[in-house]
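Counting starts at 1 for both ligands and their atoms, in listed order.
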Amino acid sequence: MYDIHRISPEELQHQQLFAQQVRFHPDRPQTYYIVTYGCQMNAHDSEIIAGMLEEMGIMPAQDRTQADLVMHNTCCIRENAERKALGNVTWLKEIKKERPQMLIGVCGCMIQQERMAAKLLKQYPFVDLAFGTGNLYRLPEYLLDVLNEKQRVIRIDKDMNTVAEGLPIRYESPTKAYLTIAYGCNNFCSYCIVPYVRGRERSRLSDDIVKEAEGLVASGVKEITLLGQNVNSYGSDNSDEISFARLLHRVSQTGIERIRFMTSHPKDLSDELIREMAENPVIAPHFHLPVQSGNNRILHEMNRQYKREHYLERVQTLRKAVPGIGLTTDLIVGFPGETEEEFMDTVSLVEEVRYDSAFTFIYSPRKGTKAADMPSQLDPAVASERIERLIAVQERITGEILAGMKGSVSRVLVEGVSRRRETQLTGKSERNINVNFNGDPSDIGRFVNVRITGAGSNTLRGEKED
Ligand code: SAM
Ligand code: SF4
């Protein structure tokens, strides 16, 4: 077992004192802008960073070029995520020449890699502040150091296995909220950098999670998404903790109207969780269940710890227990050594499962992972051609599924006005599909029933039911 570093209330109090000192510092930045890359975990971390900055009296800027502090909350899951972040940081260098008081910060997964921290030190002297994933809670201390010492502060702790409770959060939405239940990952899929930059799996205590959910309900939140790299192994790092199914049950008792969760690992999808989903109407009938590949040899090389047959059995059991459940997935194409036949196994699995939608990725070698050192890395042209074919199959299936929903009624949590057509409202169905419909702006933030009248390539259209 490994040690989990639960940050003590005293350590957090120290940070609050630093936050107060920043607040009254004569050189305090007045405004901030956060650029977020990557997954929902990062999006939620950015809400925490925003919460901490606002506690220090620093307010949101409309535009990053006008902000006094620009934080880049980075991702390194694939090479292009890294390239994008570095490109944007470099772009700001020019703006900083005109506004030298601007502070540039970098945090998150990318910077947690040693080689990236070294690169930043050497090649990005205009970056004022950088910190890793495990020490985000120390932002007030680091910012105070930048202001007092008038020099850059780069603090990438090796200790990533921290859990900090009670940090301030500035929620993006008043009706929907992310709630992290576990950090890190123990699975070491051979292609994946996450365990190296997010640390070992550590579950928050269920009492803390339920307390946070109760606070969200009291503030008017209608839908909570429980977050973790592998939510369904929740509690396995702590023998005193309840299972993920029990946790879902407890959160559902807080008065929340809808619960979602992501992401789940197929090897940890228990019968207990399926039963809870079948019996608990608060849990949305949607399951994001990344399969990555439909071929057993590739799954083995990926260290996914399940076989195609097991995955399909879980899907069948889920569908039987929760009729009408929507399934979505993640797929990787072009893993080292993937043959055309092996790729076609992924296509046939997609045809068999018929996902509502899928995130499709070309395999990207990540330094330090096992797969990056595997021989027979694929020609990028072959991987590109395969992903195009896979996307075409999934798009056809998505189109067919959405078209088949015509005439049904969806319970939609209305999020706002549609970006494409301002006369329409938009929200998500139970199955997490975007629905646009004619409605009254007073419905924003509420659940409404929408009769589906048509479908686009990945959205539904409808009319509000009285
Ligand atoms: N923990 C989650 C899981 O296991 O599904 C999410 C991990 S990751 C943030 C999201 C997705 O990125 C993975 O499911 C996988 O499909 C993809 N991914 C991870 N590493 C990758 C790599 N090296 N190249 C391409 N895609 C990758
Ligand atoms: Fe990465 Fe696998 Fe962990 Fe997901 S389960 S975060 S893909 S190592």
Side-chain angles (χ1 to χ4, degrees), residues 36-45 73-84 108-110 112-113 133 160 178 180-203 225-234 236-237 244 261-269 287-294 298-306 311 314 327-338 343 346 349-350 355 357-374 377-378 380 383-384 386-387 390-391 394:
T36 307
Y37 306 86
C39 63
Q40 288 85 356
M41 303 283 287
N42 261 19
H44 188 46
D45 280 351
N73 187 9
T74 60
C75 167
C76 59
I77 198 84
R78 284 167 291 277
E79 196 188 346
N80 55 3
E82 228 166 57
R83 222 182 292 130
K84 222 158 97 188
C109 295
M110 183 185 83
Q112 190 68 48
Q113 306 166 94
T133 55
M160 288 175 276
Y178 291 132
T180 302
I181 64 167
Y183 305 93
C185 182
N186 287 349
N187 286 323
F188 288 93
C189 299
S190 64
Y191 51 82
C192 184
I193 192 84
V194 168
Y196 303 93
V197 292
R198 285 274 179 185
R200 297 291 73 75
E201 185 172 309
R202 46 226 196 264
S203 303
T225 301
L226 302 180
L227 289 182
Q229 291 299 344
N230 183 5
V231 284
N232 49 357
S233 72
Y234 171 83
S236 53
D237 54 318
F244 179 58
F261 54 88
M262 69 187 317
T263 299
S264 303
H265 195 297
K267 77 174 165 50
D268 297 310
L269 171 44
F287 214 110
H288 185 68
L289 194 60
V291 67
Q292 315 297 356
S293 167
I298 296 287
L299 285 172
H300 177 74
E301 291 296 304
M302 286 177 163
N303 191 30
R304 286 294 286 179
Q305 302 171 61
Y306 56 83
Y311 184 93
R314 292 286 78 187
L327 295 177
T328 54
T329 199
D330 294 349
L331 299 161
I332 296 179
V333 168
F335 186 79
E338 183 192 67
F343 163 69
T346 301
L349 182 132
V350 166
Y355 297 103
S357 63
F359 293 109
T360 47
F361 306 109
I362 291 182
Y363 165 73
S364 168
R366 304 283 63 211
K367 213 172 164 56
T369 63
K370 205 167 156 217
D373 293 329
M374 287 180 181
Q377 303 279 325
L378 246 62
S384 294
R386 283 183 189 164
I387 203 167
L390 183 61
I391 290 171
Q394 181 55 52

| task | Using the side chain to side chain contact (heavy atoms under 4.5 Å, CB included) rule, take Met262 and Leu227 through it: C-alpha gap first, then chi angles, then the decisive distance, then the call. | result | CA-CA 5 Å; Met262 69 187 317; Leu227 289 182; 4.1 Å; yes
| task | Please lay out, stage by stage, how Asn303 and Ser190 fare under the test side-chain hydrogen bond (donor to acceptor under 3.5 Å, both in side chains). | result | CA-CA 6 Å; Asn303 191 30; Ser190 64; over 6 Å; no
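- Residues lining ligand 1 at a heavy-atom distance below 4.0 Å are given as Ile77, Arg78, Tyr191, Gln229, Thr263, Pro290, Gln292, Arg304, Asp330, Ile332, Phe361, Ile362, Tyr363, Ser364, Arg366, ordered by chain and residue number.
- The protein atom (non-hydrogen) at minimum distance from atom 7 (S) of ligand 2 is Tyr191 OH, 3.5 Å.
- Interatomic distance, Ile77 CD1 to Glu82 CD, rounded to the nearest 0.5 Å: 10.5 Å.
- For the side chain to side chain donor-acceptor pair (under 3.5 Å) test with Asn187, the passing option among Lys267, Arg304, Glu201 is Lys267; the others fail.
- Scanning all heavy atoms of the two residues, the minimum distance from Gln394 to Val350 falls at OE1-CG1, 3.4 Å.
- In this structure the side chain of Thr180 reaches within 4.5 angstrom of the side chain of Met41, judged on heavy atoms.
- Shown here are the protein N/O/S atoms lying under 2.8 Å from atom 3 (Fe) of ligand 2, water excluded: Cys185 SG.
- Remark: ligand 2 atoms within the under-4.0 Å shell around heavy atoms of Arg304 are 2 (Fe), 7 (S).
- Within 6.0 Å of the CZ atom in Phe188, the count of heavy atoms belonging to other residues, nucleotides or ligands exceeds 12.
- Looking at Phe244 and Ile181, their side chains come closer than 4.5 Å, going by heavy atoms from C-beta outward.
- Surrounding NZ of Lys84 are at most 12 heavy atoms belonging to other residues, nucleotides or ligands under 6.0 Å away.
- Considering all non-hydrogen atoms of both residues, Pro290 and Tyr306 come closest at O-OH, 3.5 Å.
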